[in-house]
Amino acid sequence: MSSNLWFWIALAVVVVLVVALVVGLVVARRRKISLTEPERVEEAKPKGGGYQAGGDIALAPGGTEEHPAGERTEVDGQPGVGDDAAVPRDAPRRTIVDVGLPDEAEAAPAEEIDEIEPASGRMERLRGRLAKSRSAFGQSLLGLLGAGDLDEDSWQEIEDTLLVADLGAATTTEVVDKLRAELSTRGVRTSEEARALLREVLVEALATDGDRAVRALPHTVDGTKRPAVVLVAGVNGTGKTTTTGKLARVLVAQGRQVLLGAADTFRAAAADQLETWANRVGAEVVRGKEGADPAAVAFDAVKRGVEAGVDAVLVDTAGRLHTKTGLMDELGKVKRVVEKQAEVDEVLLVLDATTGQNGLTQARVFAEVVDVTGIVLTKLDGTAKGGIVFQVQRELGVPVKLVGLGEGPDHLAPFEAGAFVDALLGS
Ligand SMILES: Nc1nc2c(ncn2[C@@H]2O[C@H](COP(=O)(O)OP(=O)(O)OP(=O)(O)O)[C@@H](O)[C@H]2O)c(=O)[nH]1
């Protein structure tokens, strides 16, 4: 072979090798490219990311589908295993569920709530308020009794002292007779013994078969909790609204939930006054427009109290002059209407102790219209005539349950005969 031929053969081999090398590189490069993500064609995407929603915020029709929580079988309120897996957080089928929001009134920051003094032992603590103007009564009686042998004049003086203190004729006679008998039977010699006997006889005269507890705690009817319903009645200015507020404080201090009904629609200020009391203890108040039917307001208050599951509904009724028969009848109507909602557990008659005999006349009239179950004697701090307690209780056969001993929010005390007599005697 000629050297020319060898040259051409070598050239051909080189060309073939170069071509093979180029082809190999191209193929290898193609393979490498096929491993990378293909360049995607940009789809027309809604603005705001990848949410497949019909608008800016994912919304779903409400009301038609049950919330998945409703399908859960567990009842302890804890999340169950697989809850999120079953219904992904962003699943388009997730619906909006209505949940109850607290009322605006409830949500509103409560007014400053007062510190409330415990009710137990209040009578004892407030004794000073009672005794203030009363020591003359005690001193005069004890002076007479401790003086040794008593003649008829002395007994007459004792009787007068009791009458002046508003004990009333019947109680006075009873007390004097008892004292005369016991003084000689027991051979009382010292003033200490005389004082002890007087205390005993007066406490006995205040004894009652009735329970002094205020029926203001809830009870169960057919297995359901029902609030206690308390009507507070009395003549204008005796202290009904103040007493209702003070009583609410006592209940709230014991952890009870209270609703106040402002059924005194004759005086707009009375409802405002009650509302102020309610705000101070954090209680709800139901009131009507000025001049509204008191029975309707009382009805609404009790209805609301039952629905809200409170422990007690205290209804402050309008102060009526007992001489106005029609208005008094209305109090009867309030009670009858309320009873369509719930049983009235307590009718508290508020009497102003400073009005003496007049208070007793009022009490008689009220007792004819409604079944009074308890008496609240207010303003005992402002009178030397605490003896009205004996008369009222005796006359109505209803126990004095509470006493008002001042205008202060905690100046309401449970009535305790012993503490009261001690205060009366100024000891
Ligand atoms: N000193 C003293 N004042 C009292 C007592 N209870 C009430 N008061 C005052 O008596 C006045 C009348 O009280 P209210 O509670 O408004 O009387 P009310 O019976 O509701 O009167 P109306 O709303 O007009 O029917 C107020 O100035 C009370 O502060 C008490 O126990 N002692």
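In what follows, every heavy atom counts, from backbone to side chain, and hydrogens, waters and symmetry copies are set aside. Atoms within a ligand are numbered from 1 in the order they appear, just like the ligands themselves.
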Once side chain to side chain donor-acceptor pair (under 3.5 Å) is applied, what residue pairs with a partner in residues 199-209 remain, sequence neighbours excluded?
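Passing the test, one end in residues 199-209: K178-E204, R186-E200, R199-D422.
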If you look at every heavy atom in [X] and [Y], which pair is closest and at what distance?
X	Y	value
L425	R195	CD1-NH2, 4.4 Å
K240	A233	CD-C, 3.4 Å
T265	P294	OG1-CG, 3.7 Å

Hey, could you give me the CD/CD distance between E307 and Q341, rounded to the nearest 0.5 Å?
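Rounded to the nearest 0.5 Å, the CD-CD separation comes out at 7.5 Å.
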Does ligand 1 have an atom under 4.0 Å from some heavy atom of G237?
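The answer is yes, since G237 has a heavy atom less than 4.0 Å from ligand 1.
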Please determine whether any non-hydrogen atom of G234 lies less than 4.0 Å from an atom of ligand 1.
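No; G234 lies far enough from ligand 1 that no heavy-atom distance drops under 4.0 Å.
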Minimum side-chain heavy-atom gap L396-L349 below 4.5 Å
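Yes, at least one pair of side-chain atoms sits under 4.5 Å.
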Interfacing atoms of ligand 1 (cut-off 4.0 Å, heavy-atom, [X]):
X	value
G404	31 (O)
T242	7 (C), 13 (O), 14 (P), 15 (O), 28 (C)
V235	19 (O)
L405	31 (O)
G239	7 (C), 13 (O), 14 (P), 15 (O), 17 (O), 18 (P), 19 (O)

Decide whether an N or O pair under 3.5 Å exists between [X] and ligand 1.
X	result
N236	no
L380	no
D316	no

Tell me the nearest of T244, T241, L377, D352 to atom 20 (O) of ligand 1, using heavy-atom distances.
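Minimum heavy-atom distance to atom 20 (O) of ligand 1 goes to T241.
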Which is closest to atom 10 (O) of ligand 1 by heavy-atom distance: E407, K379, K246, K240?
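Ranked by closest heavy atom to atom 10 (O) of ligand 1, first place is K379.
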Is the CD atom of E192 crowded by more than 12 outside heavy atoms at less than 6.0 Å?
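Atom CD in E192 is not packed in, count stays at 12 or less.
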Output side-chain donor-acceptor pairs under 3.5 Å for residues 371-379, partner residues at least two apart or in another chain, one line each.
unit_1	atom_1	unit_2	atom_2	d
T373	OG1	E346	OE2	2.5
T373	OG1	V347	N	2.7
T373	OG1	V347	O	3.2
T378	OG1	T238	O	2.6
T378	OG1	L351	O	3.2
K379	NZ	G237	O	2.8
K379	NZ	D352	OD2	3.3

Is it the side chain (CB and beyond), the backbone, both or neither of [X] that lies under 4.0 Å from ligand 1, heavy atoms counted?
X	value
Q273	side chain
D381	side chain
V403	neither

K335/E339 salt bridge by N-O under 4.0 Å criterion:
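So E339 pairs with K335 through a salt bridge.
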Evaluate side-chain hydrogen bond (donor to acceptor under 3.5 Å, both in side chains) for T276 paired with N279, printing each intermediate quantity in order.
CA-CA 5 Å; T276 304; N279 291 341; 5.7 Å; no
